[in-house]
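Just below is one structure, and these are the notes that go with it.
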Amino acid sequence: MKLIHICGPWPLCTNTFLLVSAAGHAVAIDPAARVQNYLDQLSQAGATLSDIFLTHGHYDHVGGVAELRRRTGAKVHLDLADAKGDQMYPLTPDLIDNPWPAGNSEYAVDELRFQIWHTPGHTPGGVVIGCGNQLFCGDTLFAGSCGRTDLEGGDTAALVRSLSMVAELPLPDETQVYPGHESFTTLGRERRSNPCLRGEWF
């Protein structure tokens, strides 16, 4: 597997990713950057985009989705609770090919095995996505902090429950954590020192 990090536009600088399988199929996670950036990386890798995975539906994580879907035919995955078609949640249900199913789930692209855990709180439809020793957290968990809950659809009590679940995920401390913004970290570091995962800041 090849992991490619692509940064979204300033000032929010959303962390977005391409994961490329050994067979040349790719998954985009939260494609918020200019679509040509993804197309160029796919071309360099000799890969075809098969899926677009969204950790949640906020505008700063989905800006490239509609065009990328149109130009590649990739299937879009998002919890429909975050497909509202408004300024904060711009995607509409007709753009979602495969809604994340209720509860936790698994999804495979060639040898890549993805685990999807629902983590509402920052948004109603938030998820974190595990693949091997990597955890893509969107805005649920940051290095040393967590997502805000004062925006439309935020729910502090739900985020507390979600973070408690993330802390107990059956993943080793060495798991690389890729948040939706700012620095990367490890799950062990966050378990030891992040007050949001330790339940100390609410």
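Applying the side-chain contact (heavy atoms from CB on, under 4.5 Å) rule to P9 yields no partners; only residues at least two apart in sequence or on another chain are considered. Every residue two or more places apart in sequence or in another chain was checked for a side-chain hydrogen bond (donor to acceptor under 3.5 Å, both in side chains) with R192, and none qualifies. Every residue was checked against the side-chain hydrogen bond (donor to acceptor under 3.5 Å, both in side chains) condition with N133, not counting sequence neighbours, and none meets it. Taking the side-chain contact (heavy atoms from CB on, under 4.5 Å) definition, one finds that P99 meets it with L80, I96, sequence neighbours left out. Take R148 and apply the salt bridge (Lys or Arg N to Asp or Glu O under 4.0 Å) test, not counting sequence neighbours, and it matches D150. In terms of the side-chain hydrogen bond (donor to acceptor under 3.5 Å, both in side chains) criterion, residue partners of E67 (sequence neighbours excluded) are, by chain and number, R71. Q36 meets the side-chain hydrogen bond (donor to acceptor under 3.5 Å, both in side chains) test with D40; sequence neighbours excluded.
Within the structure, every pair that satisfies the ring-ring contact (aromatic ring centres under 6.0 Å, His included) test and touches residues 157-180, not counting sequence neighbours, is listed here: F17-Y178, F136-Y178, Y178-F184. Evaluation of the side chain to side chain donor-acceptor pair (under 3.5 Å) test over residues 14-27, restricted to residues two or more places apart or in two chains, returns H5-N15, T16-Y38, S21-D110, H25-D110. Identified under the salt bridge (Lys or Arg N to Asp or Glu O under 4.0 Å) test for residues 80-101, with sequence neighbours left out: R69-D97, K84-E152.
At most 12 non-hydrogen atoms from other residues, nucleotides or ligands lie less than 6.0 angstrom from CD of E182.
No continuous path of hydrophobic side-chain contacts links V109 to L49 [ILVMFWY only; heavy atoms under 4.5 Å]. Cluster annotation: F142 is not connected to V128 through the hydrophobic network of ILVMFWY side chains, with a link wherever side-chain heavy atoms come within less than 4.5 Å. Tracing side-chain contacts under 4.5 Å through hydrophobic residues (I, L, V, M, F, W, Y), one reaches L18 starting from V65; they form part of the same cluster. The hydrophobic clustering, which links ILVMFWY residues whose side-chain heavy atoms are closer than 4.5 Å, places I52 and I4 together.
The shortest distance between side-chain heavy atoms of L95 and V76 does not fall below 4.5 Å. At least one side-chain heavy atom of T123 sits under 4.5 Å from a side-chain heavy atom of Y89. Residues L141 and P179 are not in side-chain contact: their nearest non-hydrogen atoms beyond the backbone lie 4.5 Å or more apart. Residues L19 and L3 form a side-chain contact, since some pair of their non-hydrogen atoms from C-beta on lies under 4.5 Å apart.
Residue C131 holds its SG atom at 7.5 Å from CD1 of I29, rounded to the nearest 0.5 Å. To the nearest 0.5 Å, atom CG of residue L112 and atom CG of residue D51 are 10.0 Å apart. Rounded to the nearest 0.5 Å, atoms SG (C137) and CH2 (W117) are 9.5 Å apart. Rounding to the nearest 0.5 Å places OG1 of T119 at 9.5 Å from CG of N104. With values rounded to the nearest 0.5 angstrom, R189 atom CZ is found 13.0 Å from R191 atom CZ. The line from CZ of F114 to CD1 of I116 is 7.5 Å long, rounded to the nearest 0.5 Å.
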Per-pair distances, 0.1 Å, donor-acceptor, side chain in residues 53-63, under 3.5 Å, sequence neighbours excluded:
| residue | atom | partner | partner atom | Å |
| --- | --- | --- | --- | --- |
| T55 | OG1 | D30 | OD1 | 3.4 |
| T55 | OG1 | D30 | OD2 | 2.6 |
| H58 | ND1 | H122 | NE2 | 3.1 |
| D60 | OD2 | H181 | NE2 | 3.1 |
| H61 | ND1 | D30 | OD2 | 3.0 |
| H61 | NE2 | D139 | OD1 | 3.2 |
| H61 | NE2 | D139 | OD2 | 3.2 |
| H61 | NE2 | H181 | NE2 | 3.3 |

Which side-chain N or O atoms in residues 158-171 pair as donor and acceptor under 3.5 Å with protein atoms at least two apart or in another chain?
| residue | atom | partner | partner atom | Å |
| --- | --- | --- | --- | --- |
| S162 | OG | P120 | O | 2.6 |
| S162 | OG | A158 | O | 3.1 |

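Considering all non-hydrogen atoms of both residues, G125 and D79 come closest at O-CB, 3.3 Å. The two residues A23 and E111 come nearest to each other via the heavy atoms N-OE1, 4.5 Å. Nearest heavy-atom pair across P124 and G153 is CD-O, 3.5 Å.
A donor-acceptor pair under 3.5 Å is absent between the side-chain atoms of N194 and the main chain of A143, judged by distance alone. A donor-acceptor pair under 3.5 Å links the side-chain atoms of S50 to the main chain of A26, judged by distance alone. With hydrogens and angles ignored, the 3.5 Å screen pairs no side-chain donor or acceptor of E190 with any backbone N or O of L197.
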